[in-house]
Amino acid sequence: MKTKTKIYVKEKIFVLLFAALLLLPFPLFLVCKSYVDTENFENRTPAAFPNVFQSGIKAFPTLFDAYLNDHAPFRNQFMKLYGSTNLKLFSMVDHDNVILGTDGWLFYNEYTEQNDAINVADYFSVMDYQGMIQLSPNRLEQGAKALTQLKEVLAKTDKKLVVFVAPNKESIYSEFMPEFYPKVGMQTMADQMVDYLRQNTNVPVVFPKQQLLANKAEAQLYYKYDTHWNEAGAFVGVQEINKALGLSAYTLDEIN
């Protein structure tokens, strides 16, 4: 009898502790909310609290779960802890579309359904980086024709067309890409389109790939954990646009 009583007490204590772990973060968060990071770092609007009269009772649990996931107490802190634990202990990123490079650099491995613009059934941005995707002559010709027509239309209204193409992060910081993603071809899709436009049209094309490569020793130009360039990278790109438009342009050295 005593043994059963001890087991019952232990189970009861376990249940109480588990309930406390689930419930205590909510009142604690109310006290600490103004002192912790609650910024939304995702490019989307967090789920709103569901209206059962609009959604219906069947959809309410799923909608409430989405709301709770987006508004859970200490969400940013737990996500940071989870991500850093995976990264430091297991050298992995818990997302199919993220590639872990060297020195902790992250790259995006985008997947898109079949597209007429390319000659492969599936498209991965890493395949583009490797130079494994070849744009068809028809696609290149269509792009050149459309931009030439646009340039002519704008010229009639005294406007100048300048086509700007931003290089992908992995093209600039390829030294941080994993070795098991080797370069197979020399050109990405952006390289192919830019070369074709420059050789077959008189449309001004700004493609600051070489300028970014030349300046990356001066400053970090892309975010380490994001696909986009940062303010320094954007500055280098804008200066090339200014040059194409006949405006004043500056270097990173001049603003540092």
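One is the number of the first residue; the rest follow in order along the sequence. Remember, predicted model here, so these are calculated numbers, not experimental data.
- Here CG of Leu135 is found 9.0 Å from OG1 of Thr188. Values are rounded to the nearest 0.5 Å.
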Let me check something: any side-chain donor-acceptor pairs from residues 140-157 under 3.5 Å, sequence neighbours excluded? List them with distances.
| from | atom 1 | to | atom 2 | distance (Å) |
| --- | --- | --- | --- | --- |
| Thr148 | OG1 | Ala144 | O | 2.8 |
| Thr157 | OG1 | Leu154 | O | 2.9 |

Full working for side-chain contact (heavy atoms from CB on, under 4.5 Å) between Leu252 and Val236: CA-CA 7 Å; Leu252 283 174; Val236 173; 3.9 Å; yes
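- Between Lys216 and Glu175 there is a salt bridge, with a side-chain nitrogen of the basic residue lying less than 4.0 Å from a carboxylate oxygen of the acidic one.
- Tyr223 and Trp229 fall into different hydrophobic clusters, where Ile, Leu, Val, Met, Phe, Trp and Tyr side chains are chained together by heavy-atom contacts under 4.5 Å.
- Under the ring-ring contact (aromatic ring centres under 6.0 Å, His included) criterion, Phe176 pairs with Trp105, not counting sequence neighbours.
- Here Leu63 sits alone; no ILVMFWY side chain lies under 4.5 Å from its own, so it joins no hydrophobic cluster.
- No side-chain donor-acceptor contact under 3.5 Å links Lys243 to the backbone of Val206.
- For Gln210, the side chain to side chain contact (heavy atoms under 4.5 Å, CB included) partners are Leu213, not counting sequence neighbours.
- Asp128 and Ser125 share no side-chain donor-acceptor pair at under 3.5 Å.
- The nearest pair of heavy atoms linking Lys169 to Tyr225 is NZ-N, 4.2 Å.
- You'll find the side chain of Leu197 stays beyond 4.5 Å of the side chain of Val203, heavy atoms only.
- Other residues, nucleotides and ligands place more than 12 heavy atoms under 6.0 Å from the NZ atom of Lys183.
- With respect to the salt-bridge test (charged N to carboxylate O, under 4.0 angstrom), the residues Asp191 and Lys209 qualify.
- Phe74 pairs by the ring-ring contact (aromatic ring centres under 6.0 Å, His included) definition with Phe29, not counting sequence neighbours.
- Proximity of a side-chain donor or acceptor of Asn200 to a complementary backbone N or O of Tyr196 within less than 3.5 Å is detected.
- Scored by the ring-ring contact (aromatic ring centres under 6.0 Å, His included) test, Tyr250 finds no partners at all (sequence neighbours excluded).
- Nearest approach of Ala219 to Ala232, heavy atoms of both residues: CB-CB, 4.4 Å.
- Put simply, the side chain of Val98 does not reach to within 4.5 Å of the side chain of Asn109, judged on heavy atoms.
- Side-chain contact between Pro167 and Tyr222 is present, with at least one heavy-atom pair separated by less than 4.5 Å.
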Pair Phe107-Val126, side-chain contact (heavy atoms from CB on, under 4.5 Å): steps then yes or no: CA-CA 9 Å; Phe107 297 91; Val126 69; over 6 Å; no
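- Closest approach of Pro208 and Glu240 over heavy atoms only: CB-CG, 3.9 Å.
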For a side-chain contact (heavy atoms from CB on, under 4.5 Å) check, start with the C-alpha distance between Arg198 and Phe207, then their side-chain angles and the critical distance, and finish with the verdict. CA-CA 11 Å; Arg198 287 174 174 172; Phe207 185 47; 3.7 Å; yes
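- Cluster partners of Met186: none. The rule joins Ile, Leu, Val, Met, Phe, Trp and Tyr whenever side-chain heavy atoms lie under 4.5 Å apart, and it links nothing here.
- Interatomic distance, CE of Met177 versus OH of Tyr129, reported as 5.0 Å (0.5 Å rounding).
- Take Asn242 and apply the side chain to side chain contact (heavy atoms under 4.5 Å, CB included) test, not counting sequence neighbours, and it matches Val238, Gln239, Leu247, Ala249.
- The structure places CG of Asn168 at 10.0 Å from NE2 of His228, a figure rounded to the nearest 0.5 Å.
- Following chains of ILVMFWY side-chain contacts shorter than 4.5 Å, one can reach Phe49 starting from Phe26, so the two form part of one hydrophobic cluster.
- Connection of Leu68 to Val36 is not established within any shared hydrophobic cluster, with ILVMFWY side chains joined at heavy-atom distances below 4.5 Å, either directly or through further cluster members.
- With rounding to the nearest 0.5 angstrom, the CD atom of Gln192 is 9.0 Å from the CD1 atom of Ile133.
- Within the model, atoms CG of Leu221 and OH of Tyr173 stand 4.0 Å from one another, a figure rounded to the nearest 0.5 Å.
- Considering only heavy atoms from C-beta on, Leu24 stays 4.5 Å or farther from Leu28 through its side chain.
- From Asp37, atom CG reaches atom CZ of Arg75 across 11.0 Å, with rounding to the nearest 0.5 Å.
- A donor-acceptor pair under 3.5 Å is absent between the side-chain atoms of Gln130 and the main chain of Val184, judged by distance alone.
- Residues passing the ring-ring contact (aromatic ring centres under 6.0 Å, His included) test with His71, sequence neighbours excluded: Tyr67.
- Listed by chain and residue number, Gln187, Gln199 satisfy the side chain to side chain contact (heavy atoms under 4.5 Å, CB included) test with Asp195 (two or more places apart in sequence, or in another chain).
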Let's go through Asn230 and Gln220 carefully: what are the C-alpha distance in whole Å and the side-chain angles of both, what is the deciding distance for side-chain contact (heavy atoms from CB on, under 4.5 Å) to 0.1 Å, and is it a yes or a no? CA-CA 8 Å; Asn230 56 22; Gln220 183 175 315; 4.2 Å; yes
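- Applying the 4.5 Å side-chain rule to ILVMFWY residues, one finds that Tyr35 remains a lone member of its cluster.
- Between Lys58 and Pro61, the shortest heavy-atom contact is O-CD, 3.4 Å.
- Residues passing the side chain to side chain contact (heavy atoms under 4.5 Å, CB included) test with Phe180, sequence neighbours excluded: Pro178.
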